[in-house]
Chemist: 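Have a look at the structure that comes next, please.
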Amino acid sequence: MSALMSFLLTKPTILGVGAAILAAFGWGVRQRLAGERAERARQAATEAEARAIADQVQNDVGALPSAAARKELKSWARD
């Protein structure tokens with residue numbers, strides 16, 4: 001086993017190929033993680049926008065008089 005390791009570690013071509021393979025693998029992992037972070041950020045922004053719209057609707061409904069709110073919400077209810 002040590003003979004094999006010493007053979008592999010003394011050949012610069014083999015070391016270069018191994019380093020290139022490891023670098024390519026590392027780059028791929030880094031790109032995947034960056035994509036995941038970007039997707040999470042995009043989803044968080046979308047959820048924040050939806051939450052802002054929901055809060056605005058809730059405030060608008062809360063500002064209506066109760067009779068107007070019932071009339072407005074009745075059009076959304078199923079019979």
Side-chain angles (χ1 to χ4, degrees):
M1 185 67 168
S2 63
L4 178 62
M5 289 299 288
S6 67
F7 172 75
L8 293 175
L9 292 176
T10 58
K11 303 296 181 187
T13 305
I14 294 174
L15 284 176
V17 169
I21 290 171
L22 284 175
F25 179 74
W27 180 76
V29 169
R30 182 181 168 108
Q31 290 297 90
R32 181 173 177 90
L33 292 176
E36 288 175 1
R37 279 191 299 270
E39 180 63 21
R40 274 192 235 114
R42 187 188 65 78
Q43 287 178 356
T46 303
E47 289 173 6
E49 183 181 339
R51 184 74 245 162
I53 292 171
D55 289 343
Q56 181 181 6
V57 168
Q58 185 68 29
N59 289 338
D60 289 348
V61 169
L64 289 175
S66 60
R70 273 194 298 276
K71 180 182 174 191
E72 186 69 30
L73 293 175
K74 190 177 282 188
S75 66
W76 289 93
R78 291 187 180 178
D79 292 331

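Residue numbers run from 1 in the order of the sequence given. These numbers come from a predicted model, not from an experiment.
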Chemist: Within a reach of under 6.0 Å around CD of Glu39, are more than 12 heavy atoms found that belong to other residues, nucleotides or ligands?
Modeler: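 Buried by this count: over 12 neighbours within 6.0 Å.
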Chemist: Using distance alone, with no hydrogens and no angle criterion, decide if Gln43 and Glu47 have a side-chain donor and acceptor under 3.5 Å apart.
Modeler: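 Short answer, no.
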Chemist: Return the OG to NZ distance between Ser66 and Lys71, rounded to the nearest 0.5 Å.
Modeler: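 It is 13.5 Å, given to the nearest 0.5 Å.
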Chemist: Please check if Phe25 and Leu33 belong to a single hydrophobic cluster, counting links between Ile, Leu, Val, Met, Phe, Trp and Tyr side chain heavy atoms closer than 4.5 Å.
Modeler: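 Same hydrophobic cluster.
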Chemist: Testing the basics here: between Leu15 and Leu9, what is the closest heavy-atom pair and its distance to 0.1 Å?
Modeler: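 Scanning both residues, the minimum pair turns out to be CD1-O, 3.4 Å.
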Chemist: Return the CD to CZ distance between Gln58 and Arg51, rounded to the nearest 0.5 Å.
Modeler: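 The CZ atom of Arg51 is 8.0 Å from CD of Gln58, to the nearest 0.5 Å.
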